[in-house]
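Read the numbers this way: they start at 1 and go in the same order the structure lists the ligands and their atoms.
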Amino acid sequence: MNTVPVNGINLAYAHHGEGEPVVLIHGFPLDHSIWEEVVGYLQDNCQLIVPDLRGFGHSSSPASSYSLEDMASDIAGLLDHLGLEKARLVGHSMGGYIALAFARLYPNRVAGLVLVASQPQGDSPEQKKGRYETAGRVAEEGVNVVLEQMLAKLSADKGIQASISKIITSQDPLGVAGALRAMAERSDSSPVLSGARFPILILHGDNDQLIPIQRAHSMKELSNKADLIVLEGVGHMPMMEVPGDLAKELERFIFPEAE
Ligand code: MLT
């Protein structure tokens, strides 16, 4: 992993390959390692930038509160550091919320947007309240609180659950609580999709227990730039459940002219 100071934190990132830049943004409460198999498929064909978001993996956790826009601005700082004006952004779940925040802040820096198991809407008042309660419990009791709440819903595959469990238990409670509060305060990103001038790909498993497939269908309706690919029998973790299929779809999106 490399590290770069941005916005007062140290942001860790992996960097593979050359050519078209693609940023792979992990979801909650995970880190860059969820993309490992997808990286294996794509690294010979494009340039992959795979950060640990602030508060996760090897990146530092700020003590004060922050927003998804701050997390998006960390990615802009990382692109600046790498001398890249534009990139395709691939966001998984919370990573998709951050990619949408990035597109709101820096629309001209987005060459394309892929939303994997994600959604544009903000939280309902009850969800928001639940996030704050969970953040308080994580700060006091540790990350097992989110592990218990989420693990079975992330994937039905026991082997994948075991890998995810290792990733979640290695996260810093401060970062996990910080991201929960940031997600609670996120705004509706639907206008980003309806006003987008860049291509959008929505990849969603029809067995996603955290963000139901219906949300992906409604999201597609928001933009005439969006294509939707439904991954059959797949849950919330397509990059671990069907990495080869996901990589193939990403490759088609990155190199449409090769079709
Ligand atoms: C994620 O997978 O990133 C989160 O479950 C998203 C969320 O909690 O809204």
Side-chain angles (χ1 to χ4, degrees), residues 23-35 38 50-57 59 66-69 71-72 74-75 89-102 113-138 143-157 160-161 163-165 167-173 175-190 202-205 207-216 218-219 231 234-241 246:
V23 187
L24 303 176
I25 310 172
H26 66 80
F28 173 87
L30 304 164
D31 62 29
H32 79 283
S33 64
I34 63 165
W35 298 107
V38 171
V50 201
D52 279 338
L53 294 166
R54 62 164 72 192
F56 294 97
S59 291
Y66 47 89
S67 64
L68 294 185
E69 279 72 18
M71 295 166 97
D74 295 344
I75 291 172
L89 303 181
V90 180
H92 169 238
S93 200
M94 177 185 76
Y97 310 163
I98 293 166
L100 285 162
F102 184 102
L113 177 64
V114 184
L115 296 165
V116 182
S118 195
Q119 60 185 344
Q121 294 88 352
D123 281 357
S124 66
E126 292 100 89
Q127 283 168 327
K128 202 167 163 169
K129 191 163 165 265
R131 298 254 199 221
Y132 275 99
E133 279 166 12
T134 307
R137 286 190 56 206
V138 167
V143 292
N144 276 341
V145 173
V146 283
L147 182 71
E148 281 160 25
Q149 285 182 3
M150 293 180 75
L151 189 61
K153 293 185 190 161
L154 287 167
S155 172
D157 182 300
I160 292 175
Q161 283 185 8
S163 307
I164 299 173
S165 182
I167 300 174
I168 296 181
T169 48
S170 69
Q171 302 307 323
D172 180 354
V176 171
L180 281 164
R181 295 191 190 101
M183 283 196 282
E185 295 302 333
R186 77 188 188 278
S187 46
D188 181 8
S189 289
S190 302
I202 300 164
L203 294 167
H204 214 102
N207 196 27
D208 191 325
Q209 304 298 312
L210 272 171
I211 303 182
I213 184 67
Q214 290 76 6
R215 305 257 176 106
S218 337
M219 176 157 56
L231 303 164
V234 173
H236 193 66
M237 300 296 297
M239 73 298 293
M240 296 174 96
E241 295 175 65
L246 194 82

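- For ligand 1, the atoms sitting less than 4.0 Å from at least one non-hydrogen atom of His236 are 1 (C), 2 (O), numbered in the order shown with element in parentheses.
- Within the structure, ligand 1 lacks His26 among the residues with a heavy atom less than 4.0 angstrom away.
- Remark: the backbone N or O of Asn207 is paired with a side-chain donor or acceptor of Gln209 at under 3.5 angstrom.
- Between Glu133 and Lys129 there is a salt bridge, since a side-chain N of the basic residue sits under 4.0 Å from a carboxylate O of the acidic one.
- For His92 (side chain) and His236 (main-chain N/O), a donor-acceptor pair under 3.5 Å exists by modelled atom type.
- Of the polar atoms of Gly95, none of the N or O atoms is found under 3.5 Å from an N or O of ligand 1, judged by distance alone.
- The protein non-hydrogen atom at the shortest distance from atom 1 (C) of ligand 1 is Ser93 OG, 2.7 Å.
- Between Glu185 and Arg131, no side-chain nitrogen of the basic residue sits less than 4.0 Å from a carboxylate oxygen of the acidic one, so the salt-bridge criterion is not met.
- Interface of Gly27 with ligand 1, defined as ligand atoms under 4.0 Å from a residue heavy atom, comprises 3 (O).
- Closest to atom 8 (O) of ligand 1, if we only count protein heavy atoms, is Arg131 NH1, 2.8 Å.
- Taking CG of Leu53 as the start and CE of Met71 as the end, the distance is 4.5 Å to the nearest 0.5 Å.
- Atom 9 (O) of ligand 1 has its closest protein heavy atom at Tyr97 OH, 2.5 Å.
- For the residues Met94, Gln121, Met150, the heavy atom positioned nearest atom 5 (O) of ligand 1 is part of Met150.
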- Task: Tell me, with the steps shown, if Ser33 and Asp31 meet side-chain hydrogen bond (donor to acceptor under 3.5 Å, both in side chains).
- Result: CA-CA 5 Å; Ser33 64; Asp31 62 29; 2.6 Å; yes
